[in-house]
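Below: the structure, in structure tokens.
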Amino acid sequence: MTTVHAAPAPPAVDPRDPEARLAAFFDPGSLRTLASRDTSGVLAGRGTVHGSPAIAYCTDATVMGGAMGLAGCRHIVDAIDAALRERVPVVGIWHSGGARLAEGVEALHAVGEVFAAMVRASGRIPQVSVVLGPAAGGAAYGPALTDLVVMGPLGRVFVTGPDVVRSVTGEDVDMESLGGPDTHGRRSGVVHVVTDSEQAALDTARQAVDLLAAQGTFSPAEHEPDVDLRALLPENPKRAYDVKPLVAAVLDGPMLELHARWAPNVVTVLGRLAGRTVGVVANNPLRLGGCLDSISAEKAARFVRMCDAFGIPLVVLVDVPGYLPGVGQEWDGVVRRGAKLLHAFAEAVVPRVTLVTRKSYGGAYIAMNARSLGATSVFAWPGAEVAVMGAKAAVGILHRKKLAAALPGEREALHAQLAAEHERIAGGVARAQEIGVVDEVVAPEQTRRRLVAALASAPPGRGAHGNIPL
Amino acid sequence: MAVQEIHAEMVSSVWKVFVAPGAEVAAGDTLVILESMKMEIPVLTEHAGTVGELHVVEGEVLQEGDLIATVTS
């Protein structure tokens, strides 16, 4: 997955140099260090990101592999506290072996104070982590406590390294499989964005900071062109499709997808809509048919809570056949984790608008920001279906005896007839509109305009809570 | 040479098979269409390459994790 190039001539500056990394993160020439360079293993500074102020700290891998002791941890806590005072985002750049062994329990205590500072700041200012090298032990939990984690190709995150794993469990594993980009981007969900270069990781963190901290205001164009978003979906209503082109068409320009490869049946994206930062949660029918399941519910719940904590309005694109059935799901705690998504939406005070594009069934209907959970507006496209389940499945249960009693040759026809009747009474979107759980059927080509209007006219809100890494 | 293994993500039946071993595929090409949850779900390649093994036939029921095909790039 990473391309290995021939080694270039040795650079003048150690590539792990924290000052160089901080300078590469901030706008050119804007870096001012908070304290002078020392042997603490941490350097912190302030600067600007796309013109807005931010603070960053970087572990110094040129000193004892970036291990963190009392003095280094003090620099991090000071940086976070300064950011909190000034209400600016704080970014951590990580390349560290964890707590300094030689300092013993003092170092552990200091690392714990870093964690506490991160939690103090949680949900109040955006915290973004960039993992560029190994980040072990305490250095692993640091990024994990923040809002967003970006990992470069050489980033590795683990609690205990391969040697300890081998001696305790006998498992033979290298650093990359244990805690590299593929592991954390696909399996564990620790990392939100994986990049193919160190600079791309820093640039992604810049984009994240810009979206989270410089949110802008809705400023719709006077003459928004009609775009037929329905054309991005297949004509056959049973056919699955990739929802990402639809998300991209709803948003203005470049978007930042979080957890792209982990729980891909739900897509979580930060982007801009009519100039303002919004968060998008969308079912992706291409993966698992778009079903919600245990981890995707948890992924979406954390994203919703993050957006709520920073006052970012939400757009929820729904095309969901239901929750994924199965023993594995139940044993995996789909009820416990699904409850997190219900909780996250119901508690959110940011404007949040739902659009049902094709269908929304059952428990997943509620979980995808239904009116009952307090959605600001619920829109549906023409032909969308909002129901407990598909008509055919519903009559199969409601009329089980009647169907069983029918002659085998006539059963299919009866089933189809009952389903059509059921659809007329309980299907489609008409009933949902009647009782007010869908506000309006909107034309696909006017979707963007309507979403903007609904979000912009709702009173802004910001949840008064931290962003626990669910 | 990397071998990409493509597995079934969920219990499903194989509705249509579009490729045979030896076929050249581009990234994003549809290998098979599965049917599950009353939906037709295309299974796509992540990287371009050549189909190595194909382990499914139309009508077959797959369990989560079953190997569908390998693509060598």
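We name chains A, B, ... by the order of the sequence lines, and we start the count at 1 in each one. This one's a predicted model, so the numbers in the text were calculated from it and none came from an experiment.
- The existence of a salt bridge linking B/Glu35 and A/Arg239 is excluded, since no basic side-chain nitrogen approaches an acidic carboxylate oxygen closer than 4.0 Å.
- Going from atom CE of B/Met10 over to atom CG of A/Leu288 covers 5.5 Å, rounded to the nearest 0.5 Å.
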Derivation and outcome, side-chain contact (heavy atoms from CB on, under 4.5 Å), residues A/Lys238 and B/Met39:
CA-CA 5 Å; A/Lys238 285 175 70 183; B/Met39 293 185 63; 5.5 Å; no
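- Heavy-atom distances place no part of A/Asp242 under 4.5 Å from chain B, backbone and side chain included.
- The contact between B/Leu44 and chain A is made entirely by side chain atoms (from C-beta outward), counting heavy-atom distances below 4.5 Å.
- Minimum heavy-atom separation, B/Ile41 to A/Leu286: CG2-O, 3.5 Å.
- A heavy-atom distance below 4.5 Å is found between the side chains of A/Arg261 and B/Glu46.
- Comparing A/Cys291, A/Gly289, A/Gly322, A/Gly328 by how many heavy-atom pairs each has under 4.5 Å with chain B, the most go to A/Gly289.
- Annotation: maximal heavy-atom pairing with chain A below 4.5 Å, among B/Glu64, B/His47, B/Met37, occurs at B/Met37.
- Enclosure of atom CZ in A/Arg411 by more than 12 non-hydrogen atoms of other residues, nucleotides or ligands within 6.0 angstrom is indicated.
- By number of non-hydrogen pairs under 4.5 angstrom with chain B, the leading residue of A/Pro325, A/Pro321, A/Pro237 is A/Pro321.
- Using a 4.5 Å cut-off between heavy atoms, A/Pro234 makes no contact with chain B at all.
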